[in-house]
Amino acid sequence: MTQIFDDPANFADEALDGFVAANRQYVSRVDGGVVRATASPRGQVAVVVGGGSGHYPAFAGLVGAGLAAGSACGNMFASPAAGQVYRVAKAAHNGGGVLLSYGNYAGDVLHFGQAQVRLNAEGIETRTVLVTDDIASAPADQLDKRRGIAGDLTVFKIAGAAAEEGRDLDEVERLAILANARTRSLGVAFDGCTLPGAPEPLFHVPAGLMALGLGIHGEPGISEHPMPTASELAELLVSRLLEDRPENPGTRVVPIVNGLGTVKYDELFLLFGKVEKLLTAAGLTVVEPECGELVTSLDMSGLSLTLLWLDDELERLWAAPADTPAFRKGAVARRARREVNAAADRLDTDSEQPTAAAATLGRHAVSAIAAVRDVVVEHEQELGRLDAIAGDGDHGIGMRRGVEAADTAARATEAADGGASVRRILAAAGEAWSEKAGGTSGALWGTAVIAAGAALGNRECYTGQDAAAAVEAFAAAIIELGKAELGDKTMVDALLPFRDAFTAAISDGAPLDRALAVAAAAAGAAADETAGLRPLKGRARPLAEKSLGHPDPGAVSFGLIVERLGRHIDAEFIGQGAKA
Ligand code: ADP
Ligand code: MG
């Protein structure tokens with residue numbers, strides 16, 4: 001039971017504030033999480049970790065010299081929003097690029113992924129290494145489907161040590177991938193955990209039973225067993241992990257016995273003693289082990305065993321010094337404080353002053369978003385019906401929620417300072433879109449709108465080439481985040497024909513209105529043609545047969561939007577006799 005709080009809705013935020021107050025020599029608070037309070041050599045890769053709150057010391061407790069440079073901290077058991085990840089990464093960035101690393105959960109993948117696209121678009125080179133250590137969550141031939149549990153620690157530690165050694169982003173990424181490939185975990189639970197303010201635990205394990213492989217948020221496990229003795233439990237965990245060895249395992253392992261919340265340290269030590277004997281009996285050498293609470297789940301009763309299979313490189317990095325609130329190893333020389341610029345985690349664009357001409361263009365961006373809102377609202381029902389055929393029916397409402405939030409944010413941004421650049425308007429609109437829409441399409445649209453805005457920047461006029469570059473940035477963001485290909489039956493099937501037709505028309509010297517009209521027609525036709533495709537990406541994939549004969553909802557909405565944008569621009573510029 002979680003008992004200490006005022007308003008449970010503020011639990012994660014207030015706990016984080018208190019954590020920072022108690023660990024001020026290590027961490028500084030920024031919007032969305034924490035970053036190191038100590039200085040690191042310029043150019044060092046920033047390893048940025050994160051996830052939902054409730055897993056202390058993951059994730060904020062692992063920020064410090066030799067380990068993470070920052071942590072994005074979401075609400076209880078909920079992914080941080082893309083904007084939080086983005087701001088923490090920006091504040092942590094130290095000139096050497098960013099490695100994002102976190103457990104493989106759908107929400108985190110979507111939100112960290114959006115932040116990555118945005119950071120890359122701004123020239124902060126960013127990569128991702130997912131932690132997938134839980135052998136209970138998918139078979140060995142589907143390693144990438146496994147979720148991340150206590151293996152977070154080994155992957156973050158190796159990546160952080162590599163960054164501390166001054167390795168570049170390629171190397172830090174390679175070593176994090178290697179660490180993940182050589183880390184295996186298996187957990188057991190004896191009872192569930194209770195979110196602050198909730199009357200009941202999130203889940204239960206029946207009395208007298210133990211759930212093998214149950215996830216840290218109560219995700220289904222492999223099987224239930226009568227409560228074993230300590231020796232039986234050690235035998236079970238060790239034998240399952242040894243069956244799931246990585247390739248070329250070697251004989252040197254780091255075992256980690258991790259408590260999930262309410263198992264006493266004495267019990268963990270007792271179990272560790274038995275685990276160590278079994279590993280040694282199997283011919284393995286135990287190297288610098290850990291036993292304690294390293295990745296928890298509130299007050300969950302349970303524990304996990306992790307094995308990191310070492311090679312020479314990993315052994316050196318595992319043994320390297322680290323100094324963080326919750327994890328210390330070796331001796332780290334005292335470091336100077338790093339002044340975290342309170343503004344560093346804010347948008348670059350927040351303080352930007354547009355000229356009158358740039359603000360006029362910003363106003364056009366606001367009115368273009370309003371036009372997009374109108375067309376989405378007009379077609380909400382139809383888009384919902386299309387998505388209900390093989391998806392979950394929420395495309396209409398999701399798009400409406402997203403674009404209405406974008407419209408409100410764009411207008412508020414414009415009004416706040418009596419004018420804003422196109423870049424700033426689109427950044428505010430895109431962020432609101434992805435946060436409020438929920439769902440895949442909201443994340444894609446929000447990220448792409450921000451990317452188009454970043455390409456357009458804060459300028460006083462735009463050429464056709466500038467427009468083509470913005471369309472290219474929009475498309476590149478969707479592909480980088482969604483990873484769909486032509487023919488997968490997604491919005492990409494309308495987007496790419498649009499981009500290609502637009503670019504071709506512009507390079508043939510067509511004026512903007514003409515290029516948009518031609519490209520929108522190509523997008524509309526391509527959206528119709530998706531009726532003949534089977535979905536290979538997204539929620540509609542399992543119901544592929546049902547979807548045949550009907551166009552993809554995301555492709556249809558894209559076609560409708562660009563068609564309306566074409567007419568809108570025609571009316572706004574050309575209709576008023578402003579044709580250049
Ligand atoms: P959700 O799928 O989360 O319910 P929506 O229903 O709003 O979100 O959007 C569904 C649309 O999103 C699909 O019709 C497809 O066009 C688009 N989509 C889904 N996954 C991808 C992806 N990986 N890349 C590009 N577009 C995608
Ligand atoms: Mg849907």
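Atoms within each ligand, like the ligands themselves, are counted from 1 in listed order.
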*Any N or O on Ile478 sitting closer than 3.5 Å to an N or O of ligand 1?*
no
_Nearest non-hydrogen contact with atom 10 (C) of ligand 1 belongs to which option: Lys489, His395, Glu485?_
His395
*So among Arg424, Lys436, Arg118, which one has a salt bridge (Lys or Arg N to Asp or Glu O under 4.0 Å) with Glu431?*
Arg118
*Report, as a single number, the protein N, O or S atoms less than 2.8 Å from the Mg ion (ligand 2).*
3
*Any Lys483 heavy atom less than 4.0 Å to ligand 1*: no
*So is Lys537 polar-close to ligand 1, meaning N/O to N/O under 3.5 Å?*
no
*Check whether any N or O atom of Met491, backbone or side chain, sits under 3.5 Å from an N or O atom of ligand 1, and answer yes or no.*
yes
*Should one rank Leu495, Asp493, Leu444, Val492 by closest heavy-atom distance to atom 26 (N) of ligand 1, which comes out on top?*
Leu444
*Set of residues satisfying salt bridge (Lys or Arg N to Asp or Glu O under 4.0 Å) with respect to Glu378, sequence neighbours excluded*: Arg564
*Side chains of Gln116 and Thr128: donor-acceptor distance under 3.5 Å anywhere?*
yes
*asked:* Which option wins on minimum heavy-atom distance to atom 20 (N) of ligand 1: Thr440, Ile397, Leu383?
replied: Thr440
*asked:* If I apply the N/O under 3.5 Å rule, does Asp552 come out as touching ligand 1?
replied: yes
*Below 4.0 angstrom, N of the basic side chain to O of the carboxylate: do Arg127 and Glu173 qualify?*
yes
*May I ask you to test the Phe558-Val492 pair for a side-chain heavy-atom distance under 4.5 Å?*
no
_Walk me through whether Val49 and Val47 qualify under side chain to side chain contact (heavy atoms under 4.5 Å, CB included)._
CA-CA 6 Å; Val49 304; Val47 176; 4.1 Å; yes
*Salt-bridged, Glu171 to Arg174, with N to O below 4.0 Å?*
yes
_Do Val48 and Val88 have side chains that approach each other closer than 4.5 Å (heavy atoms only, starting at C-beta)?_
yes
*Does ligand 1 have an atom under 4.0 Å from some heavy atom of Gly398?*
no
_Which residues share a salt bridge (Lys or Arg N to Asp or Glu O under 4.0 Å) with Asp394, sequence neighbours left out_ = none
*Can you name the residues that form a side chain to side chain donor-acceptor pair (under 3.5 Å) with Asp552, not counting sequence neighbours?*
none
